[in-house]
Amino acid sequence: MIEHDEATRGVARHGTLPRRVQMKRASFNLLPLALVLAMLTVGTHPASAQAVPQEGQTALVIQIRADAPRDCRVTSAQVSTLDPLSRGWQRLSLPDIACNYSGRPAVRFWSQNSGTLVPEGAVALALPAGLAYELRVGGTVVGRPGSAGDPLVSVLPQSSPLQPRSTEVAIRFLGPTPPPGTFADTIFMEVTP
């Protein structure tokens with residue numbers, strides 16, 4: 001393609017090629033070579049693929065991992081007003097319980113006064129005449145809640161992941177009708193996966 005003559009050998013002496021040799025170089029067609037290289041590149045690497053950077057170059061490789069334990073949450077709860085003179089079941093609350101797994105979570109109940117409403121302001125140790133009660137969870141009677149060290153445990157029906165399930169908690173007062181006054185207790189409810 002390029003003729004080697006006296007003009008070509010003069011490149012080392014003068015630094016440029018004579019016009020006749022430069023024109024012959026310009027006539028060399030690089031287009032077929034460029035197309036072949038482009039086809040090889042497309043054929044071996046998808047257009048969207050990128051090389052994974054190595055640590056210590058111009059990028060930082062960050063691996064992400066999260067371990068999610070089994071979990072249940074009470075997403076809402078309504079508390080009802082109760083009639084202490086009634087001996088039938090009354091809705092106490094209707095909590096929505098959502099878990100992140102399919103299964104049967106347990107609900108633990110305990111109360112400050114071990115399942116008895118006592119006159120407001122009374123000392124819990126003396127436990128004067130009060131209003132005893134029992135609980136029903138999701139249609140199943142579970143009994144009187146004990147103290148924190150002796151809670152009631154109820155297993156809920158099968159639940160679907162992340163679908164809040166309304167679970168009725170009902171109360172029924174036991175024993176004789178109380179004398180006039182304000183009676184109180186605090187019930188604690190904990191959902192455990």
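If you read the sequence from its start, that first residue is 1, and numbering goes on from there. Quick caveat, the model's predicted, so the values are computed rather than measured.
Ring pair F173/Y133 is perpendicular by interplanar angle, where above 60° counts as perpendicular and below 30° as parallel.
Proximity of a side-chain donor or acceptor of N113 to a complementary backbone N or O of G130 within less than 3.5 Å is not detected. Looking at Y101, its side chain never comes within 3.5 Å of a backbone N or O of P69 through a donor-acceptor pair. In this structure, the side chain of D71 does not engage the main chain of N100 through any donor-acceptor pair within 3.5 Å. No donor-acceptor distance shorter than 3.5 angstrom exists from the side chain of S160 to the backbone of Q163, with no hydrogens or angles considered.
V137 and V74 fall within a single hydrophobic cluster, where Ile, Leu, Val, Met, Phe, Trp and Tyr side chains are chained together by heavy-atom contacts under 4.5 Å. In the hydrophobic cluster analysis, where Ile, Leu, Val, Met, Phe, Trp and Tyr join through side-chain heavy atoms closer than 4.5 angstrom, W110 is grouped apart from L92.
Side-chain contact check for V169 versus P95: some heavy-atom pair is nearer than 4.5 Å. Counting heavy atoms from C-beta on, the side chains of R136 and V141 come closer than 4.5 Å. Within the 4.5 Å cutoff, no side-chain heavy atoms of P84 are placed close to those of L117. Under the 4.5 Å side-chain criterion, counting only non-hydrogen atoms from C-beta, L131 is not in contact with T177. Proximity of D96 to S166: side-chain heavy atoms (C-beta onward) are separated by under 4.5 Å at one or more points. Taking the side chain as every heavy atom from C-beta outward, F183 and V118 never approach each other to under 4.5 Å. Under the 4.5 Å side-chain criterion, counting only non-hydrogen atoms from C-beta, Q158 is in contact with S102. Counting heavy atoms from C-beta outward, P193 and P105 have side chains that stay 4.5 Å or more apart.
Put simply, OG on S111 and CG on D185 are 3.5 Å apart, with the number rounded to the nearest 0.5 Å. How far CZ of R87 is from CG of L174: 8.0 Å, rounded to the nearest 0.5 Å.
The salt bridge (charged side-chain N to carboxylate O under 4.0 Å, His left out) test applied to R165 returns no partner, not counting sequence neighbours.
Nearest heavy atoms, L152 versus G143: CD1-O, 3.2 Å. Smallest separation of non-hydrogen atoms from F109 and I187: CD2-CG2, 4.1 Å. Nearest heavy-atom pair, A184 versus E120, reported as atom, atom and distance to 0.1 Å: CB-OE2, 4.2 Å.
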Determine, step by step, whether T167 and L156 satisfy the side chain to side chain contact (heavy atoms under 4.5 Å, CB included) criterion, reporting the C-alpha distance in whole Å, the side-chain angles of both residues, the deciding distance to 0.1 Å, and the verdict. CA-CA 8 Å; T167 303; L156 298 178; 3.6 Å; yes
Does R144 form a side chain to side chain contact (heavy atoms under 4.5 Å, CB included) with T116? I'd like the steps, not just the answer. CA-CA 8 Å; R144 291 182 65 187; T116 304; 2.6 Å; yes
For side chain to side chain contact (heavy atoms under 4.5 Å, CB included), just list the numbers for Q90 and R172, CA-CA rounded to whole Å, side-chain angles, deciding distance to a tenth of an Å, and then say yes or no. CA-CA 6 Å; Q90 302 175 61; R172 178 170 61 186; over 6 Å; no
Derivation of the side chain to side chain contact (heavy atoms under 4.5 Å, CB included) call for V142 and E134: CA-CA 7 Å; V142 293; E134 65 181 343; over 6 Å; no
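A salt bridge links E190 with R108: the closest approach of a Lys/Arg side-chain nitrogen to an acidic carboxylate oxygen falls below 4.0 angstrom.
For Q112 and T186, the side-chain atoms include at least one donor-acceptor pair closer than 3.5 Å.
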